[in-house]
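Each remark here refers to the structure printed beneath this line.
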Protein chains: 2
Amino acid sequence: MKRKITLKHIARELEVSISTVSKALKNSEEISRDTKEKIQAFAKLYNYKPNNIAISLKNKRTKNIGLIIPDIIHHFFTTVFRGVEKYANMRGYNVIACISDESFDKEVINMEMLANGSIDGFIMALSAETQLKNDFNHLKEVTEQGIPLVLFDRITDEINCDKVIINDEEAAYQAVVKLIKDGRRKIALITTESYFNVSEKRSQGYFRALREHQIAVDENLVLRLPYQYEEEQQSAEFFASREIDAVLCVNEIFAIKCMRHAKKNGYSIPEDISFIGFTDGILSKYSTPRLTAVAQHGEKMGEVAAQLLIDKIESEVDEEEETFKTEILEATLVERESTIN
Amino acid sequence: MKRKITLKHIARELEVSISTVSKALKNSEEISRDTKEKIQAFAKLYNYKPNNIAISLKNKRTKNIGLIIPDIIHHFFTTVFRGVEKYANMRGYNVIACISDESFDKEVINMEMLANGSIDGFIMALSAETQLKNDFNHLKEVTEQGIPLVLFDRITDEINCDKVIINDEEAAYQAVVKLIKDGRRKIALITTESYFNVSEKRSQGYFRALREHQIAVDENLVLRLPYQYEEEQQSAEFFASREIDAVLCVNEIFAIKCMRHAKKNGYSIPEDISFIGFTDGILSKYSTPRLTAVAQHGEKMGEVAAQLLIDKIESEVDEEEETFKTEILEATLVERESTIN
DNA sequence: AGGTATAACGAAACCGTTTTCGTGTTAATA
DNA sequence: TATTAACACGAAAACGGTTTCGTTATACCT
């Protein structure tokens with residue numbers, strides 16, 4: 001077993017001081033050509049690589065970023081992860097990924113674990129429970145310690161930091177407008193039971209579209225489902241008992257499940273009923289019929305978040321009076337088979 | 001901004017030595033009750049938390065593990081990640097996740113980046129390119145340095161380390177036997193073009209099942225597709241031009257795409273043709289018809305891999321004469337709508 | 001009184017780097 | 001010959017902890 005070699009070993013072996021070795025390997029002008037060549041050759045021979053931990057301790061920079069996402073079953077978050085990882089890697093950073101499992105406690109624990117020196121900054125989307133409790137002290141503590149934080153998608157106004165979101169309200173609005181233009185009038189909204197800022201925004205867009213097109217809102221056409229629901233009776237009953245000619249779902253799993261119920265109740269898609277879902281994930285692409293979806297561009301979102309974060313980490317801005325941006329990405333409607341034309 | 005407080009700060013403030021503070025916070029018997037209480041109270045008040053990096057440097061343990069996966073679009077790998085993260089967290093470890101993107105170079109770069117002190121061990125599945133090149137020097141170097149390594153799913157015999165796999169050959173065999181028992185005779189195999197140890201094993205199981213049931217192998221019924229294929233003409237033509245009554249696919253994306261082609265060619269599933277796919281991922285659950293699949297239990301696999309790794313990290317085995325295990329997990333067939341009964 | 005045990009704390013080494021600030025040697029200059 | 005500048009290198013502090021090994025001071029024993 002070839003143990004890792006350190007500066008000390010090289011110094012001892014070549015009978016010079018540690019500082020000389022360090023400088024020689026950095027090609028410092030201070031050291032003579034001869035010595036530098038000797039040391040560099042030796043280092044290459046024994047495959048010397050500086051110890052990251054020691055360097056981190058020295059310059060108080062880990063080159064790690066912490067990513068905290070609520071879950072990994074929603075394809076959107078995995079694509080964000082992809083984007084973060086890709087961009088971070090490009091800039092020489094590694095990603096420590098944690099899954100909060102939609103739990104407030106796990107979110108707190110993960111943050112605390114990482115906040116003690118393991119990372120240079122955080123990227124995160126709030127867990128369901130955190131949005132519910134409306135408790136952001138863990139975020140406050142972190143930012144007060146001067147650790148940069150970027151929130152994406154599931155954000156809050158309570159915290160002052162960089163943010164990346166899509167124009168959820170507008171995207172939902174446009175989606176519903178499309179349905180209306182296709183001649184649909186009985187448009188249902190399927191959203192989450194508990195509070196998410198994104199569901200909320202999307203619902204607002206839905207209502208605005210109806211309002212602006214003089215279509216009365218029918219509360220019977222709004223279905224609120226538990227976020228991770230297994231029991232499907234609510235949605236099954238919904239489609240069995242109402243007249244609906246279009247549906248907007250705030251995520252793709254809702255959409256896929258509901259298309260099934262619609263089909264089971266004799267609807268044919270998209271002739272009798274249109275479906276549009278949020279999050280253009282893997283399910284949308286492969287469902288039958290393929291789902292028309294609002295693409296959230298998760299990968300792009302991840303890249304932007306990572307860029308904001310790393311820029312902040314590497315900028316030497318004077319503590320106070322720093323300024324925070326909120327990047328709003330454009331969602332786009334990907335038309336497939338579940339809507340007309 | 002409240003900067004992080006260190007032992008030194010506490011020591012200076014309370015006019016004791018750093019060592020005393022350190023010991024007091026560990027509740028050492030060496031320190032008097034009075035001093036301990038005073039120090040502990042002060043530490044709590046200022047929310048002292050030891051710096052992870054410093055501790056890592058001291059005990060040469062980072063409590064991080066490196067996970068390298070080929071991609072994140074195949075649901076299987078994200079579930080493995082889930083399992084690793086969950087188990088690792090339980091044991092107080094964090095996961096640094098890297099995506100090799102099926103590229104040899106990225107795999108090498110990622111490993112080298114992490115191998116210099118950032119992690120205590122690796123968990124990984126080989127990239128497609130690595131399996132193709134058959135070049136495992138980066139793995140050898142890492143293990144020679146005494147860094148524990150656990151390979152899962154995409155493994156190689158060339159490297160001596162702990163491994164976690166499923167019984168791919170047997171699972172494929174059982175799947176095909178089920179098809180035969182259902183009365184199928186013209187059973188197609190859809191596998192990857194390039195070499196993967198898993199595809200290979202699964203194919204072997206397919207052939208063995210046919211052989212043992214006296215069904216002649218028809219090479220026309222074996223389709224080899226590029227791993228990440230977008231062009232679908234090959235598979236479309238396959239279903240247009242052959243008589244097939246059952247299909248075994250080595251991954252779920254192949255299966256979903258091929259079910260489409262089959263339907264388009266007038267087959268009805270499962271009456272005319274049965275489908276079984278590998279990897280019981282999210283697509284299998286939500287496809288129409290729902291896909292009968294061989295569950296690889298990715299999450300379990302991740303947990304087992306993480307356990308093997310952490311156990312090895314924390315065991316103080318004498319360098320030489322250590323022993324490596326290969327855990328073989330049982331795959332199970334999840335029967336859904338794409339097969340009879 | 002002399003010796004010893006014990007309690008309570010501090011000094012210093014160490015982990016592996018980087019970096020500042022000497023210091024000794026040689027060569028050039030006055 | 002004395003001074004100085006340049007060169008090439010080393011010592012030591014620092015990052016933030018842990019841990020070993022003293023070192024006092026006091027109490028106890030004979």
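Chain letters run A, B, ... following the sequence lines, proteins first and then strands; every chain starts at 1. The structure displayed is predicted, hence computed values, not measured ones.
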Exercise. Go through the structure and list residues passing side chain to side chain contact (heavy atoms under 4.5 Å, CB included) with K38(B), not counting sequence neighbours.
Key: L14(B)
Quiz item: How do V21(B) and K60(B) order along DNA chain C: which one's closest nucleotide is nearer the 5' end?
Solution: V21(B)
Quiz item: Any chance the side chains of E107(B) and T130(B) put a donor and an acceptor closer than 3.5 Å?
Solution: yes
Which donor-acceptor pairs under 3.5 Å do the side chains of residues 78-86 of chain B make with protein atoms, sequence neighbours left out?
unit_1, atom_1, unit_2, atom_2, d
T78(B), OG1, H75(B), O, 3.3
T79(B), OG1, F76(B), O, 2.6
R82(B), NH2, D101(A), OD1, 3.2
R82(B), NH2, D101(A), OD2, 2.5
E85(B), OE2, I99(A), N, 3.0
E85(B), OE2, N89(B), ND2, 2.7
K86(B), NZ, E299(B), OE2, 3.0

Practice problem: Please check if atom CD in E13(B) has more than 12 non-hydrogen atoms from other residues, nucleotides or ligands closer than 6.0 Å. | Solution: no
Quiz prompt | Euclidean distance, atom CZ of residue R12(B) to atom P of dG10(C) [Å, nearest integer] | solution = 15 Å
Exercise. Could I get the full list of side chain to side chain contact (heavy atoms under 4.5 Å, CB included) partners for E158(A), not counting sequence neighbours?
Key: F136(A), T156(A)
Quiz item: What residues, two or more places apart in sequence or in another chain, satisfy side chain to side chain contact (heavy atoms under 4.5 Å, CB included) together with N27(A)?
Solution: K36(A), Q40(A)
Quiz item: CG of N27(B) versus C1' of dA8(C): gap in Å, rounded?
Solution: 15 Å
Exercise. Measure from CZ on R3(B) to P on dC15(D) and round the result to the nearest Å.
Key: 13 Å
Quiz item: Quick one: L14(A) CG to dC9(D) P, roughly how many Å, whole number?
Solution: 11 Å
Quiz item: Among pairs that include at least one residue of residues 121-133 of chain B, which meet salt bridge (charged side-chain N to carboxylate O under 4.0 Å, His left out), considering only residues two or more places apart or in two chains?
Solution: none
Practice problem: Just jot down the ring-ring contact (aromatic ring centres under 6.0 Å, His included) partners of Y48(B), sequence neighbours excluded, or say none. | Solution: none
Exercise. Grab the CD1-P distance between I10(A) and dT17(C) for me, whole Å please.
Key: 8 Å
Quiz item: Bend angle of the helix from dA1(C)-dT30(D) to dA30(C)-dT1(D) from five-pair axes at both ends, rounded to 10°?
Solution: 80°
Practice problem: Check side chain to side chain contact (heavy atoms under 4.5 Å, CB included) between E112(B) and all other residues, then give those that pass, not counting sequence neighbours. | Solution: V108(B)
Quiz item: By a strict heavy-atom criterion of less than 4.0 Å, which residues belonging to residues 33-54 of chain B are in contact with DNA chain C?
Solution: T35(B)
Exercise. Round to the nearest Å and state the distance from K63(A) atom NZ to dT17(C) atom C1'.
Key: 16 Å
Below 3.5 Å is the cut-off: list the nitrogen or oxygen pairs between protein and nucleotides 19-26 of chain C, distance only.
unit_1, atom_1, unit_2, atom_2, d
dT20(C), O4, K23(A), NZ, 3.3

Quiz item: Quick one: ring-ring contact (aromatic ring centres under 6.0 Å, His included) partners of Y87(A), sequence neighbours excluded?
Solution: none
Practice problem: Go through the structure and list residues passing ring-ring contact (aromatic ring centres under 6.0 Å, His included) with H138(B), not counting sequence neighbours. | Solution: F104(B)
Self-check item: Interatomic distance where CD1 belongs to I55(B) and C1' belongs to dT19(D) [whole Å]
Solution: 13 Å
Quiz item: Over how many whole Å does the gap from L25(B) atom CG to dT19(D) atom P extend?
Solution: 13 Å
